[in-house]
Amino acid sequence: MISPFKSVVGGGYKEVEARLQRAIHLRFSLPPLLSERLKKSIKRADHVAAWFEATQLAGFSEQEAAKFFGRPRGLSSDGLALEPVPAKVAQKAFVRRFSEIEKLRGR
């Protein structure tokens, strides 16, 4: 859940976020609750993605991005070319890839 939404929802956002996450997980055949280890891995991936998005898309300096998101260790942007796309394009790409994966899973 993005930070601006969290501020609008107020202190109860964690409950709303948890309910949304469970619903999304169930929709995509994932366990409704995640282990703490997996949560930590997702959080790290989220921070890495945020750092690259900040430095490659949003115009942050590496120093500024590191202040907000931490600097990814052991990763470089070599071969990583992020390009913004409209939300509808991203949505279609996601749904298309999800459908491919579902077919591979026999669903």
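The structure displayed is predicted, hence computed values, not measured ones.
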A.B. asks: Below 30° counts as parallel, above 60° as perpendicular, anything between as tilted: where do the rings of F68 and F60 land?
C.D. replies: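 The rings of F68 and F60 stand perpendicular, inter-plane angle above 60°.
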A.B. asks: Each residue besides L33 in its hydrophobic cluster should be listed here, by chain and number; the cluster joins Ile, Leu, Val, Met, Phe, Trp and Tyr at side-chain heavy-atom distances under 4.5 Å.
C.D. replies: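 When side chains under 4.5 Å apart are linked, L33 ends up in no cluster with other residues.
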A.B. asks: Can you pull out every salt bridge (charged side-chain N to carboxylate O under 4.0 Å, His left out) where at least one residue sits in residues 25-40? Sequence neighbours excluded, please.
C.D. replies: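 As it turns out, the salt bridge (charged side-chain N to carboxylate O under 4.0 Å, His left out) pairs with a partner in residues 25-40, which skip direct neighbours, are E36-K39.
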A.B. asks: Hey, can you pull the donor-acceptor pairs under 3.5 Å for the side chains in residues 83-101, sequence neighbours left out?
C.D. replies:
{"unit_1": "R97", "atom_1": "NH1", "unit_2": "E100", "atom_2": "OE1", "d": "3.0"}
{"unit_1": "S99", "atom_1": "OG", "unit_2": "V95", "atom_2": "O", "d": "3.0"}

A.B. asks: Does S29 have any side chain to side chain donor-acceptor pair (under 3.5 Å) partners at least two apart in sequence or in another chain, and if so, which?
C.D. replies: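 For S29, the residues satisfying side chain to side chain donor-acceptor pair (under 3.5 Å) (neighbours in sequence not counted) are R107.
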A.B. asks: Can you name the side chain to side chain donor-acceptor pair (under 3.5 Å) partners of R71, sequence neighbours left out?
C.D. replies: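 Here the qualifying residues are E62.
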A.B. asks: Taking only residues two or more places apart in sequence, or in another chain, which ones meet R105 in a side chain to side chain donor-acceptor pair (under 3.5 Å)?
C.D. replies: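 Side chain to side chain donor-acceptor pair (under 3.5 Å) check on R105 returns E102.
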A.B. asks: Sequence neighbours left out, cut at 3.5 Å: what donor-acceptor pairs do the side chains of residues 48-58 make with other protein atoms?
C.D. replies:
{"unit_1": "T55", "atom_1": "OG1", "unit_2": "W51", "atom_2": "O", "d": "3.0"}
{"unit_1": "T55", "atom_1": "OG1", "unit_2": "F52", "atom_2": "O", "d": "3.4"}
{"unit_1": "Q56", "atom_1": "OE1", "unit_2": "L82", "atom_2": "N", "d": "3.3"}

A.B. asks: Would you please name every residue forming a side-chain contact (heavy atoms from CB on, under 4.5 Å) with S61, sequence neighbours left out?
C.D. replies: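 Counting only residues at least two positions away or on another chain, S61 forms a side-chain contact (heavy atoms from CB on, under 4.5 Å) with Q63, E64.
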A.B. asks: Are L75 and L80 grouped together when hydrophobic residues (ILVMFWY) are joined by side-chain heavy atoms under 4.5 angstrom apart?
C.D. replies: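 Yes; tracing contacts between hydrophobic side chains, which count when under 4.5 Å, links both residues.
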A.B. asks: Considering residues at least two apart in sequence or located in another chain, which fulfil the side-chain contact (heavy atoms from CB on, under 4.5 Å) criterion with H25?
C.D. replies: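 Residues passing side-chain contact (heavy atoms from CB on, under 4.5 Å) with H25: Q21, L30, L34.
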